[in-house]
Amino acid sequence: MKHKRLLTFIVLALTGISIAAPKIDSARVDAMLEQFGNAEQNQLPPDARQQIEKTLAATDILKAEALKQGLDKQPAVQARWKNLEAQFYASQYEEHLLKTISVSDSEALAAYGNLTRIVKLAQVRFATADEARAAQQLLLKGLSFEKLMERYPNPDQPAMQEPLPIGRLPVEIANIVGNMQKGDVSREPVAYQNEFYLFKITASEQAQDAPPFEQVKEAVIQQVKQQKAQEQIDQLLKANGISL
């Protein structure tokens with residue numbers, strides 16, 4: 001915050017004063033304008049480009065002075081720079097995924113159906129996947145899901161049986177429940193927050209007040225893109241031994 005106030009002060013000081021400010025590549029100005037987004041750009045003042053040039057010039061002046069003082073040689077500064085650089089490229093990769101991922105009309109329509117679908121869920125929670133699979137064997141032998149809930153009670157069971165839009169469920173659960181119909185039981189234990197669940201859909205219906213698909217199509221497509229991007233990121237991290 002202090003840094004932003006300092007830059008603002010410098011930009012104001014530069015206004016109306018002729019100094020030998022560094023020349024700023026127009027591509028850098030374009031990149032900063034793009035960060036505001038098309039909708040917000042329409043609200044920018046007419047001299048926004050000039051103000052951005054001054055801000056970038058001020059930043060370059062401060063950078064040059066920092067290098068002159070040898071700050072780039074300090075271990076703590078180098079560590080902070082590496083962290084910022086890593087975060088920057090990570091965010092660029094996420095943006096790249098969102099730009100390159102495609103969503104078909106059928107995928108968007110299916111996602112819309114889930115977002116506007118209201119379900120009631122019965123659930124049983126387990127500490128391990130093996131315990132959940134052992135419980136599944138009881139179901140295969142004829143034990144009802146309701147009796148299984150009595151064997152493995154937990155305080156979240158009543159709340160989960162309230163009507164709930166699939167779009168409000170955690171992604172890990174929504175991805176499974178979205179492919180289930182009334183009466184279905186999840187085929188595999190569902191991992192969520194280091195615990196494992198079996199779910200049964202006890203009721204399912206479409207929301208009566210849902211907006212028309214065409215009205216929300218673009219928003220749905222963006223949501224599906226974000227979901228696909230997150231799945232790719234999770235797979236990449238998992239392949240490198242990281243689970244968040």
Side-chain angles (χ1 to χ4, degrees), residues 1-103 170-172 174-175 191-195 218-244:
M1 183 63 69
K2 291 181 179 179
H3 180 58
K4 289 183 178 179
R5 287 201 295 267
L6 177 60
L7 285 180
T8 301
F9 173 78
I10 292 175
V11 169
L12 291 174
L14 287 173
T15 304
I17 301 176
S18 177
I19 64 171
K23 182 173 177 58
I24 302 302
D25 187 341
S26 61
R28 293 176 61 190
V29 180
D30 293 339
M32 186 166 284
L33 283 170
E34 186 179 356
Q35 287 180 307
F36 289 106
N38 294 330
E40 293 186 15
Q41 281 190 43
N42 295 331
Q43 303 174 6
L44 293 177
D47 62 343
R49 190 175 189 88
Q50 289 75 19
Q51 291 300 321
I52 288 174
E53 288 178 350
K54 288 181 180 180
T55 301
L56 292 175
T59 303
D60 283 358
I61 291 172
L62 294 177
K63 173 188 173 183
E65 188 62 26
L67 297 179
K68 187 187 298 183
Q69 297 295 326
L71 299 184
D72 57 319
K73 302 298 191 298
Q74 295 182 3
V77 173
Q78 291 178 350
R80 286 195 291 268
W81 167 244
K82 288 180 180 178
N83 289 341
L84 287 172
E85 183 182 35
Q87 291 168 4
F88 171 77
Y89 280 110
S91 66
Q92 292 303 299
Y93 176 63
E94 292 176 9
E95 289 184 18
H96 167 75
L97 288 178
L98 291 175
K99 289 178 181 178
T100 56
I101 286 174
S102 61
V103 177
V171 173
E172 300 91 331
N175 286 344
Y192 178 64
Q193 293 187 343
N194 299 317
E195 294 180 308
E218 289 305 316
V220 171
I221 288 175
Q222 288 304 313
Q223 183 165 337
V224 175
K225 282 187 174 184
Q226 290 173 354
Q227 181 178 328
K228 284 187 171 186
Q230 189 59 54
E231 289 172 355
Q232 289 191 37
I233 290 172
D234 291 343
Q235 290 173 4
L236 178 61
L237 294 178
K238 186 176 181 180
N240 285 273
I242 297 178
S243 178
L244 298 178

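What you see is a predicted model, and the numbers here were worked out from it, not measured in a lab.
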Please confirm whether the backbone N or O of Ser102 pairs with a side-chain atom of Lys228, one donor and one acceptor, at under 3.5 Å? yes
Applying side chain to side chain contact (heavy atoms under 4.5 Å, CB included) to Trp81 and Asp72, what does each step give before you reach the verdict? CA-CA 9 Å; Trp81 167 244; Asp72 57 319; over 6 Å; no
Separation of Leu62 CG from Leu67 CG (nearest 0.5 Å): 11.0 Å
For the residue pair Ala229 and Leu98, what are the closest heavy atoms and their distance? CB-CD2, 4.0 Å
Which distance, rounded to the nearest 0.5 Å, do you find between the CG of Asp47 and the CD of Glu53? 11.0 Å
Kindly check if the number of other-residue, nucleotide or ligand heavy atoms within 6.0 Å of CD (Gln223) is above 12? no
Regarding Gln69 and Glu65, is there a side-chain donor-to-acceptor distance under 3.5 Å anywhere? yes
If every non-hydrogen atom of Asn240 is compared with every non-hydrogen atom of Leu236, which pair is closest and at what distance? ND2-O, 2.8 Å
When rounded to the nearest 0.5 angstrom, what distance separates CG in Leu56 from CZ in Arg28? 5.0 Å
Salt bridge present between Lys82 and Glu85 (N-O < 4.0 angstrom): no
Using the side chain to side chain contact (heavy atoms under 4.5 Å, CB included) rule, take Val171 and Gln230 through it: C-alpha gap first, then chi angles, then the decisive distance, then the call. CA-CA 10 Å; Val171 173; Gln230 189 59 54; over 6 Å; no
Short side-chain to backbone donor-acceptor contact, Asp25 and Ala27, under 3.5 Å: yes
To the nearest 0.5 Å, how far apart are CD1 in Ile101 and CD in Gln227? 10.0 Å
Whether the Gln87 and Asn83 side chains hold a donor-acceptor pair (N or O, under 3.5 Å, no angle test) is what I'd like checked. no
Rounded to the nearest 0.5 Å, how far apart are CG of Asp30 and CZ of Arg49? 4.5 Å
Can you tell me how far the CD1 atom of Ile52 sits from the NZ atom of Lys54, to the nearest 0.5 Å? 12.5 Å
